[in-house]
Amino acid sequence: MEREWNVLQKEQQKELEKIDICMEIWEQTKQELYVSMRFFHVVLSRLGFEPQYSLDAIGTNGENVYFSPDTLISLFRQNRIEVNRMYLHMVLHCLFLHFVVPTTVNERYWNLASDIVVEKIIDSLHVRSVKRYVSPYRKNLYQTIEKEKGVLTPKNICEFLQQKDMEEEDLQRMEVEFYRDNHSMWSEYLSPQSIQERNKPWKEDSEKMQTEIETFGKEQSDEIKEVLEQIQVENREKYDYRKFLKKFSVLKEETQVDMDSFDYVFYHYGIELYGNMPLIEPQEMKEVYKVEDFVIAIDTSMSCKGELVKQFLRETYSVLSESESFFRKVCIHIIQCDDKIQSDVVISNEKELRSYMDNFEVKGQGGTDFRPVFVYVNELIKKRAFHHLRGLIYFTDGYGTFPVKRPLYETAFVFVKEDYKDVDVPIWAMKLIIEPEDLSGKVEVEWT
C-alpha cells in the first residue's frame, strides 16, 4: 500500500513539474512576441493559462488558454516558433472577436475562414519569433481570395468558399493546412452574460490598438499596415441605414394624432368641471424628425458600376418612401456627376421618386472629381433652393479629388465593399461601406 502511495506521489510530482514547464513555455512565448511586436503588448497579456488533461488540443474561450501539458511540450520540442504562432493565432481570434459566429453563415466555413485570416496576418509578419516558410499553396490561396474579395475577412472568405462550392477533399486539405487551435472552446465554460463580459475588453483592446498604430505606426513596415487594415475592417460600426438617414433629418410639426401627448386645455377643463375627472384629448400636431431637404450625389465615372448605383438608389428609395422617414413635401436633389454635373433631378414627393427609380439611367462615364457637386450645391443654397439642407450623400468608388473646405451641411461618402479599397476621405466627412449583396441590411460606418 505504501509503495502504491509513493508511486502516486511521484506521478503527481511529475505532472506538477510538467505544468511548471508549460507555464515557463507560455511565459517565454509571450516575451518573444513582446520584443518583436510592441503594438501587441496589451493583448498578449489578456489570456490566462489552464491545463486540461481531458484535451489533446489547445484552444481558448477568450479568457483562458486550455491546453494539454503533453501536447504543448511536444509542440515546443518540435519547434518553439510553432508555439509562438499558436499563441498569436489564438490572440488574433480574440482580438477580432472571431468567436462571435454569425447565425447566417456555415459554422464550418466560419472556423476555416477565421483560421485563414489570422494565418495570413501571421505569415505577413517578418519577425523572427513567428517567421516560417510560406508554402506556394498558401500564397496562391491568399492571392486568389484577395483578387475576388479584396480584404481577407471571415465573411468574405465564407462567401468565397460557398461560391466555389468546394469539394470535401479540398475543404479537408484547407482545414489541415490552417488548423491550429480548438474552436469548440469559443463558447464553452461561459454563460451568455459571461460571453458579453468577455467580448467587451477585447473590443476595447482592438480599438486602442487601432488608435496606437494609426498614431505611432504609420511609418512601420507593410505587415503592420496589414494588421491595421484588418483591425479597421473589424472595428467598423454596424449602423442601421434608417438611423443613419436621421442624421440628415429636421424636427418639425406635422399633422397627425400624437398619442404620446394631450391637450392641456381639455385636461384642466375636466378637472375644474368634474373635480377629479380630467378630459384627455390627443394633440393633432406632432413633432417628428424627418428628411426634408437632401442631396444624393452619384458618381457616374467609368469606374462606378451602373448596377451597384441602382442598388444603392433602390435601398435609399425603400427607406425614404416610408411615411416615417420623410415629410409629405420634400426637396431631394439627385445629382449625377463624373468630372462635371451631368444631371440634377428634383424630387418633391414619393410619386416622383418612384418615377425616377423606374426610369433611372446612368449619365456620364467620364473621370471623377467631387468638387463640382459641392460648388453646385453651394450655388443652390445661395439661390435659396433649399429650406433647410442638412446633408449630402455621395455614392462613389472614392477615386477622385475631394474638396478641401468643409461644407455647411453633413456629408457622407458611400463606398461599395465589392470594389472598396481604403480611401482617406476628408476629416469633416463620414465614410460608409455598403455590402453589395445586402444593401437592405446593415451598412458599415467609419467615423472620421
Side-chain angles (χ1 to χ4, degrees), residues 29 32-33 36-37 39-40 43 57-59 75 78-98 105-183 209-210 213 217-234 417-423:
T29 295
E32 290 187 7
L33 294 174
S36 54
M37 291 176 286
F39 293 113
F40 286 84
V43 295
I58 300 173
L75 187 64
Q78 175 187 333
N79 190 337
R80 73 181 189 185
I81 288 179
E82 293 301 318
V83 180
N84 295 346
R85 289 181 67 103
M86 166 74 80
Y87 185 59
L88 184 57
H89 181 108
M90 291 185 289
V91 168
L92 289 175
H93 276 323
C94 298
L95 189 66
F96 301 139
L97 296 181
H98 287 166
V105 302
N106 180 301
E107 188 171 353
R108 182 183 183 187
Y109 283 172
W110 181 267
N111 286 326
L112 173 57
S114 299
D115 283 336
I116 293 174
V117 167
V118 296
E119 284 298 300
K120 169 66 166 61
I121 291 174
I122 297 172
D123 285 338
S124 73
L125 295 171
H126 301 294
V127 293
R128 186 179 300 177
S129 58
V130 295
K131 188 64 179 173
R132 75 169 193 185
Y133 172 72
V134 181
S135 68
Y137 174 76
R138 284 194 173 205
K139 290 180 180 179
N140 180 63
L141 184 63
Y142 295 152
Q143 291 171 0
T144 301
I145 300 175
E146 284 181 329
K147 185 177 180 180
E148 292 196 23
K149 293 294 181 181
V151 180
L152 267 64
T153 65
K155 186 174 181 181
N156 284 348
I157 297 174
C158 284
E159 291 172 358
F160 173 84
L161 296 173
Q162 193 163 1
Q163 290 167 2
K164 294 299 180 183
D165 194 21
M166 306 291 291
E167 296 288 339
E168 179 63 26
E169 183 179 346
D170 295 328
L171 274 175
Q172 288 181 2
R173 181 182 179 185
M174 293 171 71
E175 288 170 336
V176 169
E177 177 68 31
F178 294 100
Y179 173 83
R180 284 198 171 274
D181 60 325
N182 187 340
H183 294 181
M209 188 173 174
Q210 176 181 341
I213 295 176
K218 287 187 175 180
E219 305 302 321
Q220 295 290 323
S221 52
D222 290 339
E223 61 265 17
I224 294 297
K225 293 178 182 178
E226 184 156 344
V227 173
L228 175 60
E229 184 179 54
Q230 187 66 220
I231 292 177
Q232 287 173 332
V233 169
E234 298 299 333
K417 200 166 185 180
E418 179 180 90
D419 294 324
Y420 171 71
K421 299 294 182 183
D422 198 17
V423 176

Taking everything shown except [X] itself, do over 12 heavy atoms lie less than 6.0 Å from its [atom1]?
X      : atom1 : value
Glu107 : CD    : no
Glu167 : CD    : no
Glu169 : CD    : no

With rounding to the nearest 0.5 angstrom, report the [atom1] to [atom2] distance, [X] to [Y].
X      : Y      : atom1 : atom2 : value
Leu95  : His93  : CG    : NE2   : 12.0 Å
Gln162 : Asn106 : CD    : CG    : 7.5 Å
Met86  : Asn84  : CE    : CG    : 11.5 Å
His89  : Ile121 : NE2   : CD1   : 10.5 Å
Arg138 : Met174 : CZ    : CE    : 11.0 Å
Arg173 : Leu141 : CZ    : CG    : 9.5 Å

May I ask you to test the [X]-[Y] pair for a side-chain heavy-atom distance under 4.5 Å?
X      : Y      : answer
Lys131 : Ile81  : no
Ile145 : Lys120 : no
Phe178 : Val118 : no
Leu33  : Phe40  : no
Leu125 : Leu88  : yes
Met90  : Ile58  : yes
Asp115 : His183 : yes

**Message:** Looking at Ser36, is its backbone amide N or carbonyl O close enough to the side chain of Arg128 to form a donor-acceptor pair, meaning the two atoms are under 3.5 Å apart?
**Reply:**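 Not confirmed, Arg128 side chain does not pair with Ser36 backbone.
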**Message:** Looking at Leu152, is its backbone amide N or carbonyl O close enough to the side chain of Asn156 to form a donor-acceptor pair, meaning the two atoms are under 3.5 Å apart?
**Reply:**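 No; zero donor-acceptor contacts below 3.5 Å.
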Considering all heavy atoms of both residues, which atom of [X] and which atom of [Y] are nearest to each other, and what is their separation?
X      : Y      : value
Tyr179 : Ala57  : OH-CB, 3.9 Å
Trp110 : Lys155 : CZ3-N, 4.0 Å
Thr29  : Val83  : OG1-CG1, 3.3 Å
Asp181 : Gly59  : CB-CA, 4.2 Å
Glu177 : Ser135 : OE2-OG, 3.8 Å

**Request:** List the steps, then state whether side chain to side chain contact (heavy atoms under 4.5 Å, CB included) holds for Arg108 with Glu175.
**Result:** CA-CA 10 Å; Arg108 182 183 183 187; Glu175 288 170 336; 2.7 Å; yes
**Prompt:** Are Arg85 and Glu119 ion-paired here, with the side-chain N under 4.0 Å from a carboxylate O?
**Reply:**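 Yes, this pair counts.
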**Request:** Could you check whether the rings of Phe96 and His98 sit parallel, tilted or perpendicular, using 30° and 60° as the cut-offs?
**Result:**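 Judged by the thresholds at 30° and 60°, the geometry between Phe96 and His98 is tilted.
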